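Let me begin by presenting the structure, written as structure tokens, before commenting on it.
Quantities reported herein were computed from a predicted structural model and do not represent experimental measurements. Numbers restart at 1 for each chain; the letters A, B, ... are given by sequence-line order, proteins then strands.
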There are 2 protein chains.
Amino acid sequence: MKRTSLSLLDFALLGVVHNQAPCSGYDLRKLFAETPIGSFSDSPGSIYPALARLERGKLIRGRVEETSSVRRRKLFRLSVSGNRTLKQWLRRPITQADVVRGMRELSLRFAFLESVLGRDACVPFLETLEKELASYIPTLRRHLDTQRATNLLSASLAMESGVMGYESQLAWTRLALTRFKHTRT
Amino acid sequence: MKRTSLSLLDFALLGVVHNQAPCSGYDLRKLFAETPIGSFSDSPGSIYPALARLERGKLIRGRVEETSSVRRRKLFRLSVSGNRTLKQWLRRPITQADVVRGMRELSLRFAFLESVLGRDACVPFLETLEKELASYIPTLRRHLDTQRATNLLSASLAMESGVMGYESQLAWTRLALTRFKHTRT
DNA sequence: TCTTACATGTAAAAGGTTACATGATTAT
DNA sequence: ATAATCATGTAACCTTTTACATGTAAGA
């Protein structure tokens with residue numbers, strides 16, 4: 001049994017298939033092309049092979065639609081083990097390393113969190129994220145202040161940009177927390 | 001003559017080598033490991049082959065340090081054509097497509113802009129960026145509002161996160177503009 | 001009729017990740 | 001001595017990109 005870990009694209013596909021099943025490779029391509037979700041490539045050369053891999057790994061199952069008159073489409077659904085894999089990914093503890101690497105994976109996880117694990121999983125996720133961001137940002141700022149040996153304005157602004165990105169994420173996290181606490185079901 | 005276009009990593013290497021020349025592969029690895037610049041991998045398997053490619057393409061030149069008593073290091077500098085390539089990349093017009101794809105490449109370009117093209121290039125860059133962001137954000141927000149058919153809070157918040165990221169970039173761009181206009185040399 | 005959108009795939013090449021491999025020097 | 005850091009690279013594997021390839025159906 002090949003236990004190679006899955007890529008972010010693989011998890012994105014699992015998540016979307018979970019939410020929108022049954023869906024075809026073409027549906028997924030359109031979604032990636034038209035929405036800013038994670039900014040994955042919508043090229044057939046990335047999506048179809050990825051779906052084939054997931055199917056070989058028994059995480060999704062696809063079958064060709066038997067409707068006549070419509071174009072041949074292969075529709076995918078999550079298998080039981082695909083569902084388990086998706087849930088395990090979503091339940092992974094949030095570490096500072098996740099935050100340092102960039103927010104891409106965490107944003108993607110949050111996007112699927114409520115529909116897969118339910119509303120109760122969201123507040124703990126956001127609280128941990130807030131804690132990690134709030135502790136990382138000052139570290140980052142201090143690090144950049146000491147590095148600011150250079151007298152170039154653009155260089156220090158470029159660093160500022162990174163910090164502001166994280167600060168924006170923190171603001172969003174807090175917004176999301178209040179929304180979850182003040183909105184019913 | 002191979003005219004394959006360069007990857008973002010290639011441009012990042014050209015930019016850093018321009019600023020910190022002469023520098024070794026190990027210097028670059030340390031930089032990528034310790035600073036959040038673009039979040040490139042610091043693995044030797046990505047950096048050394050990339051440097052070798054750039055050297056084969058005559059964009060950089062490396063030679064082994066002839067100092068005794070120090071460990072053998074190969075130090076790189078930009079060639080004339082590497083310099084030209086870097087400048088051409090930095091001078092590319094900013095399109096909305098650049099903004100839609102994400103700000104990674106534009107942030108990297110800005111980070112090198114002042115030291116490579118000089119201070120005068122920064123304000124026009126930021127002004128164009130501000131214009132593109134300011135016109136893209138409402139489009140994005142409208143698009144997301146129409147997509148909000150789903151009743152899941154986390155899904156709409158996930159979209160909100162993307163919009164807020166761009167709004168943060170816009171705020172940063174404006175901050176950068178005022179800094180450039182009010183700070184001397 | 002012709003173009004656009006639907007729909008699925010493959011092949012070759014390039015690139016990145018992970019792990020391996022080597023060896024010198026400095027600090028403990 | 002031994003561990004950590006410096007320093008450079010390679011090999012196998014996997015993924016992604018780009019381009020190609022095929023064909024249907026709907027709309028202009």
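- As a whole-Å value, the separation of A:Glu34 CD from C:dC6 P is 8 Å.
- Residues B:Ser46 and B:Lys30 both approach DNA chain D. Their nearest nucleotides, taken by heavy-atom distance, put B:Lys30 toward the 5′ side.
- In this structure, the CG atom of A:Asp10 is 13 Å from the P atom of D:dC14, given to the nearest Å.
- Ring pair B:Trp172/B:Phe110 is perpendicular by interplanar angle, where above 60° counts as perpendicular and below 30° as parallel.
- The shortest distance between the side-chain N/O atoms of A:Arg53 and the OP1/OP2 oxygens of D:dT16 is below 4.0 Å.
- Between the CG atom of A:Leu51 and the P atom of D:dT16 there is a distance of 12 Å, given to the nearest Å.
- We find that CG of A:Leu13 is positioned 13 Å from C1' of D:dT16, with the value rounded to whole Å.
- Using a 4.0 Å cut-off between charged nitrogen and carboxylate oxygen, B:Glu132 and B:Arg101 do not count as a salt-bridge pair.
- The side chain of B:Arg73 sits closest to D:dT8 out of C:dT10, D:dT17, D:dT8.
- Proximity of A:Ser24 to the phosphate of C:dT8: a side-chain N or O atom is located under 4.0 Å from OP1 or OP2.
- A donor-acceptor pair under 3.5 Å is absent between the side-chain atoms of B:Arg77 and the main chain of B:Arg61, judged by distance alone.
- Nearest-nucleotide mapping onto DNA chain C: of B:Pro49 and A:Arg29, the residue sitting toward the 5' end is A:Arg29.
- Within the structure, every side-chain polar atom (N or O) of B:Arg72 is placed at least 4.0 Å from both OP1 and OP2 of D:dA7.
- When heavy atoms are screened at a 4.0 angstrom cut-off, B:Gly25 is found touching the sugar-phosphate backbone but no base atom.
- For A:Glu105 and A:Trp89, the side-chain atoms include at least one donor-acceptor pair closer than 3.5 Å.
- One can place CG of A:Leu31 at 16 Å from C1' of C:dA7, the figure rounded to the nearest angstrom.
- Contact annotation: B:Ser43 side-chain N/O to C:dT18 OP1/OP2 distance is not under 4.0 Å.
- Comparing C:dG16, C:dA7, C:dA19 against the side chain of A:Tyr48 picks out C:dA7 as the nearest.
- Going from atom CG of B:Leu8 over to atom C1' of C:dG15 covers 13 Å, rounded to whole Å.
- Criterion: ILVMFWY side-chain heavy atoms under 4.5 Å apart, direct or through other members. Under it, A:Ile47 and A:Leu75 are not part of a common hydrophobic cluster.
- What separates CZ of A:Phe32 from C1' of D:dT17 is a distance of 16 Å, to the nearest Å.
- Protein atom CG of A:Leu75 is 11 Å distant from nucleotide atom C1' of C:dA7, rounded to whole Å.
- Within the structure, every side-chain polar atom (N or O) of B:Tyr26 is placed at least 4.0 Å from both OP1 and OP2 of D:dT8.
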